[in-house]
Amino acid sequence: MKFFVYRYNPDVDTAPHMQEYDVEVTRGMMLRDALMEIKRQDESFAFRHSCGEGVCGSDAVNANGKNMLGCTTPVVELKEPVNVRPLPGRPVIRDLVVDMSQFYQQYRAVKPYLIHKDPLPEQEILQSPEDRDKLDGLYECIMCGCCSTSCPSFWWNPDKFHGPQALLQAWRFLADSRDQATEERLDDLEGPYKLFRCHTIMNCVESCPKSLNPTKAIGKIKELMLKHSI
Amino acid sequence: MTLARRRFDALIIGAGGAGLNAALQLANANLRVAVVSKVFPTRSHTVAAQGGVNAALANVFEDNWHWHMFDTVKGSDYLGDQDAIEFMCREAIPTVYELEHNGVPFSRLDNGRIYQRAFGGQSQNFGGAQAARTCAAADRTGHAILHTLYQQNIRARTHFFDEYFGVDLIRDDDGAILGALTLEIETGEPLLIEAKTTLLATGGCGQVFRTTSNAHINTGDGMAMALRAGVPLMDMEFFQFHPTGISGRGMLITEGVRGEGGYLVNKDGERFMERYAPNAKDLASRDVVARAIVTEVKEGRGCGPNADHVLLKVDHLGEDIIAKRLPGIRESSQIFAGVDPAVEPIPVFPTAHYVMGGIPTDRLGHVVIPSSDGSEEIVPGLYAAGECACVSVHGANRLGGNSLLDILVFGRAAGQQIIDHLKDSPEHRPMSDAIIEKAVSRLSRWEQEGEGISVRELRDEFRKVMEDHAGVFRTDEIMSEGVEKVKAVREKLKDVRLGDQSKVFNTARIEALELENLIDIGMSIVLSALERKESRGAHSRPDYTERDDVNWLKHSVYFQEGDRLDYKPVQTKPLTVETFPPKPRVY
Amino acid sequence: MSRQASGLRAWALQRISAAYLGLYLIYMLGHLSFNAPESFEAWRTYVADPGVSIGMLLFVVALLIHAWVGIRDVLIDYVHPIMARVTLLSLFAIGFVGCGLWFAKAIFLASVAA
């Protein structure tokens with residue numbers, strides 16, 4: 001199978017280029033396996049990867065124009081030749097490795113941690129199964145960055161727009177019955193940038209390898225904001 | 001050579017559950033703490049833990065920590081240190097509550113309390129009915145815990161060095177650890193981090209085997225750093241093979257699947273675990289189930305065209321339970337095995353999963369050098385916690401749900417201990433250039449250019465050797481050969497050359513450093529295994545089929561210098577309760 | 001008081017104005033299909049009805065609010081140099097206010113003439 005892979009090594013290259021590789025497809029081969037095979041052919045090729053089972057979120061890449069996890073994408077589902085590029089809109093460090101610091105910064109900006117103000121009980125804080133169900137589809141995020149780096153609003157304003165990943169997490173805590181910082185969280189999201197750059201383009205939903213729905217979460221935040229403002 | 005330097009009160013190498021829980025204690029105590037991780041923290045392999053964390057909360061059935069302790073001692077095949085096990089099982093309860101308070105989205109029971117599921121090796125009342133002790137967030141407990149700990153560290157403003165590789169510990173002439181040399185992966189530049197205390201929390205080393213549930217990053221870096229700093233590794237022959245990895249690929253199918261009611265069948269559709277463990281059946285201890293599966297396949301009762309696996313049947317649980325309790329497993333099975341467990345059984349085979357051994361520590365997290373008389377010498381300034389450490393609470397076999405517990409309890413304990421220590425030692429020890437030199441030379445070695453063996457070639461050869469010679473069943477013949485082969489691989493290491501000498505994000509350089517670590521650890525595994533002439537827990541020898549408590553109720557201690565083995569007695573005396581004396585281990 | 005431009009209010013106004021625009025357009029299309037005025041006079045009389053003229057005025061206000069939020073969004077997305085953005089925002093603001101006044105004048109004249 002033919003692969004064209006984005007190559008750029010700032011130590012030696014002045015400009016990026018696409019390099020061709022031939023990979024013999026084996027049964028059940030995932031895109032990550034193919035990239036590892038390319039790395040065997042050419043040790044100078046760099047990409048991030050780790051768990052190989054879609055939970056660590058390291059190996060998000062853009063293949064044939066779509067963001068996806070290398071380790072959960074069977075190569076047979078990709079059209080040949082496969083064009084593999086780094087995640088769009090992020091500065092490239094080397095080959096498929098991009099600088100995700102703004103993405104992480106936006107995550108930190110939504111205070112992604114439980115804030116419980118009442119004294120803590122000696123046992124667990126109780127939560128009904130129904131309330132716990134509200135966190136399904138939110139807490140599973142693996143921070144791979146597929147969503148935010150496919151979001152045009154994040155491309156235009158990565159420094160000010162939180163992006164779908166961080167907003168999904170903002171909702172994860174707003175939706176948690178144990179969290180007691182709803183007002184502060186909503187206040188923090190006010191303004192034209194942090195939340196309201198979302199134009200429901202929904203690239204995030206399409207690219208999420210865990211089938212999560214940031215657009216829906218953003219809608220819920222807006223709804224809750226409205227409710228709390230009138 | 002002028003090195004960039006940073007100074008911290010505490011340095012933590014590794015950002016999995018143990019590292020992050022320790023960091024959280026330290027940051028909450030307003031100490032200057034640096035966490036070095038070769039990947040962004042939420043990529044650490046804790047994220048992949050599925051089933052849950054054990055604690056006798058008694059939310060489902062009656063339970064108490066003493067029963068948990070009994071199960072753990074028995075599960076360890078009596079090789080676990082009973083003082084540490086008592087400490088862990090007691091601490092489990094507040095630890096889980098603390099996690100919940102920190103925000104972990106545990107699944108819930110109707111009364112609002114944390115959901116607990118049954119796991120292998122758990123019993124009520126010292127070997128009675130099945131217990132349900134594993135606190136779970138669906139089948140993504142590790143993910144939920146790791147993310148929560150990272151989130152709390154964001155709140156506590158812990159200082160992270162993301163994508164920095166730990167090269168070597170810096171050790172002075174008195175044997176004290178003064179910090180570590182690290183490599184910033186993005187720039188390829190070394191950075192020396194000076195610290196009054198250093199905690200190794202680098203996790204496991206499953207990458208020594210070719211088929212493993214472990215991630216690409218699990219290369220035992222901390223263990224190898226300890227070895228090179230003169231610290232031994234303990235009980236390295238005990239490597240757990242998880243019974244249910246996806247056949248041919250190694251991805252894990254949690255024991256929680258069997259906890260929820262799934263069971264194993266061979267090609268005749270027989271529930272074969274009934275023969276091997278008449279009481280606990282599919283929820284027998286992991287070593288027992290793994291051996292049963294390998295035996296079934298060896299004796300020709302495997303499934304599939306190559307008769308090389310067995311099947312894990314789940315569909316009878318119904319769509320609802322599967323969707324609610326095992327959503328991640330369903331996803332993994334569909335992606336990697338091409339089967340929907342709600343309809344078809346999952347093809348499984350044991351996969352290298354967890355190392356019970358590691359850097360010897362006491363129950364407070366101090367790294368210690370044990371001697372055969374049972375005494376221990378503390379290595380000043382060095383701590384270890386998590387899978388890279390050996391306290392030892394898992395002994396010869398770890399129970400499911402006890403690894404998350406181990407990293408959390410002992411990560412926390414190490415953090416607390418470091419806080420105490422720092423109160424009395426406000427100064428950094430002086431660091432001379434001479435003692436840094438050794439660590440720096442480890443980096444410069446890879447700057448040699450020219451023709452040689454490639455990292456990939458030697459890594460493939462090494463991992464194959466380990467799989468063939470240190471697997472589920474081990475005979476003297478197989479392992480003697482294994483030792484020779486690993487020695488040969490170690491010899492070849494000096495002929496390995498790095499073709500790519502560039503600086504920026506050179507993953508080939510990292511893989512070369514990791515290969516050195518893997519080989520150092522591989523040697524400790526095969527040598528310790530060859531010498532232990534008994535079958536105990538995960539260490540199973542067809543030529544010595546019985547457990548031998550007279551001669552072998554002791555920990556193996558491997559020193560790299562001279563490939564020397566020593567032994568240390570098992571601590572059979574708990575802290576407050578009566579000793580659990582060794583008994584035949586039946587499930 | 002926040003230092004920033006509105007987020008929630010702008011968004012809510014855009015939704016509310018959109019709802020009004022939508023409903024009004026349906027009504028208008030219906031009216032014009034079944035009851036189209038046949039001459040300029042008839043049209044003027046129709047518009048002069050206070051109900052109709054207020055409805056139309058509201059329509060224009062809603063349209064301009066909707067357009068303002070939309071244009072503001074586009075400029076925030078794509079025009080990053082601050083001077084260029086302020087200039088463009090001002091031009092659109094002036095243009096929109098102008099359109100509004102011009103339309104108000106037309107309706108006022110229609111009412112006066114009737």
Side-chain angles (χ1 to χ4, degrees), chain A residues 9-12 28 30 36 39-40 43-58 72 74 93-95 97 99-100 104 107-108 111-116 120-129 131-132 135-136 138-143 169 172-173 176 178-179 210-211, chain B residues 39-40 42-45 47-48 57 96-97 100-103 105-115 137-138 140 142-144 147-148 151-152 154-155 162 186 215-217 248-252 327-328 331-332 335-338 454-456 498-500 502-508 511:
Chain A
N9 178 352
D11 283 349
V12 290
M30 299 288 161
M36 284 166 80
K39 173 103 180 140
R40 302 169 89 81
E43 74 172 11
S44 73
F45 167 57
F47 73 110
R48 293 185 177 110
H49 69 107
S50 181
C51 74
E53 51 186 61
V55 290
C56 78
S58 303
T72 55
I93 296 171
R94 171 175 177 166
D95 300 340
V97 179
D99 179 356
M100 294 293 277
Y104 297 135
Y107 174 67
R108 290 197 296 270
K111 300 201 177 118
Y113 39 83
L114 191 77
I115 301 175
H116 186 85
L120 289 165
E122 350 34 325
Q123 297 181 327
E124 64 267 60
I125 305 168
L126 297 180
Q127 183 173 49
S128 70
D131 280 339
R132 169 58 184 76
L135 307 182
D136 284 340
L138 306 173
Y139 82 96
E140 301 93 324
C141 172
I142 58 172
M143 301 182 70
Q169 291 316 298
R172 178 248 174 274
F173 288 98
D176 195 322
R178 300 169 296 170
D179 191 84
K210 306 308 280 182
S211 309
Chain B
V39 290
F40 181 74
T42 64
R43 323 273 183 233
S44 307
H45 201 51
V47 81
L57 306 183
V96 168
Y97 288 143
E100 195 279 335
H101 295 165
N102 279 335
F106 283 111
S107 300
R108 298 289 172 153
L109 298 162
D110 283 338
N111 63 7
R113 303 197 59 183
I114 294 170
Y115 170 74
R140 305 187 175 96
H143 171 283
H147 279 251
T148 300
Q151 291 161 351
Q152 288 296 331
I154 290 176
R155 180 191 54 70
D162 295 338
E186 183 178 335
H216 183 71
I217 55 172
R249 305 219 41 137
M251 283 86 184
L252 200 68
E331 196 185 312
S332 285
I335 294 171
F336 297 108
S454 74
V455 171
R456 164 185 68 82
L498 200 56
D500 177 13
S502 60
K503 290 213 154 221
V504 173
F505 224 102
N506 186 344
T507 52
E511 287 181 7

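Per chain, numbering begins at 1; letters A, B, ... match sequence-line order. These numbers come from a predicted model, not from an experiment.
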Search all heavy atoms of [X] against all heavy atoms of [Y] and return the closest pair with its distance.
{"X": "Pro10(A)", "Y": "Arg94(A)", "result": "CD-CB, 4.3 Å"}
{"X": "Val55(A)", "Y": "Ile142(A)", "result": "O-CG2, 3.4 Å"}
{"X": "Glu140(A)", "Y": "Leu135(A)", "result": "OE1-O, 3.9 Å"}

Could you tell me which portion of Arg40(A) (side chain, backbone, both or neither) has an atom closer than 4.5 angstrom to a non-hydrogen atom of chain B?
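Backbone plus side chain of Arg40(A), per the 4.5 Å heavy-atom cut-off to chain B.
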Where on Pro112(A) is there a heavy atom nearer than 4.5 Å to chain B: the side chain, the backbone, both, or neither?
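For Pro112(A), heavy atoms of backbone and side chain both lie under 4.5 Å from chain B.
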Side chain, backbone, both or neither of [X] within contact of chain A (heavy atoms, under 4.5 Å):
{"X": "Asn111(B)", "answer": "backbone"}
{"X": "Val504(B)", "answer": "both"}
{"X": "Phe40(B)", "answer": "side chain"}
{"X": "Leu109(B)", "answer": "backbone"}
{"X": "His143(B)", "answer": "side chain"}

For Gln151(B) and Asn102(B), does a side-chain donor sit closer than 3.5 Å to a side-chain acceptor?
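There is no such pair between these side chains.
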Between Lys39(A) and Thr507(B): side-chain donor-acceptor atoms closer than 3.5 Å
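Judged by distance alone, the side chains do pair up.
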Just by distance, do the side chain of Glu100(B) and the backbone of Ile125(A) share a donor-acceptor pair under 3.5 Å?
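At least one qualifying donor-acceptor pair exists.
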Could I get the full list of side-chain contact (heavy atoms from CB on, under 4.5 Å) partners for Ala144(B), not counting sequence neighbours?
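Only Tyr139(A), Val104(B), Pro105(B), Ala137(B) meet the side-chain contact (heavy atoms from CB on, under 4.5 Å) criterion with Ala144(B).
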Residues in side-chain contact (heavy atoms from CB on, under 4.5 Å) with Asp110(B), at least two apart?
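Asp110(B): side-chain contact (heavy atoms from CB on, under 4.5 Å) contacts with Pro129(A).
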Residue among Phe336(B), Tyr115(B), Phe106(B) with most heavy-atom pairs under 4.5 Å to chain A
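Of the options given, most contacts go to Phe336(B).
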Based on non-hydrogen pairs under 4.5 Å, which of Lys503(B), Arg140(B), Gln152(B), Glu331(B) is most in contact with chain A?
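The candidate making the most pairs under 4.5 Å is Arg140(B).
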Shorter than 4.5 Å, heavy atoms on both sides: which option in [options] has the most such pairs with chain B?
{"options": "Ser211(A), Cys141(A), Pro74(A)", "answer": "Cys141(A)"}
{"options": "Leu114(A), Asp11(A), Val97(A)", "answer": "Asp11(A)"}
{"options": "Phe45(A), Phe47(A), Phe173(A)", "answer": "Phe173(A)"}
{"options": "Lys111(A), His116(A), Arg172(A)", "answer": "Arg172(A)"}

Arg113(B) bridged to Glu124(A) by N-O distance under 4.0 Å
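Yes.
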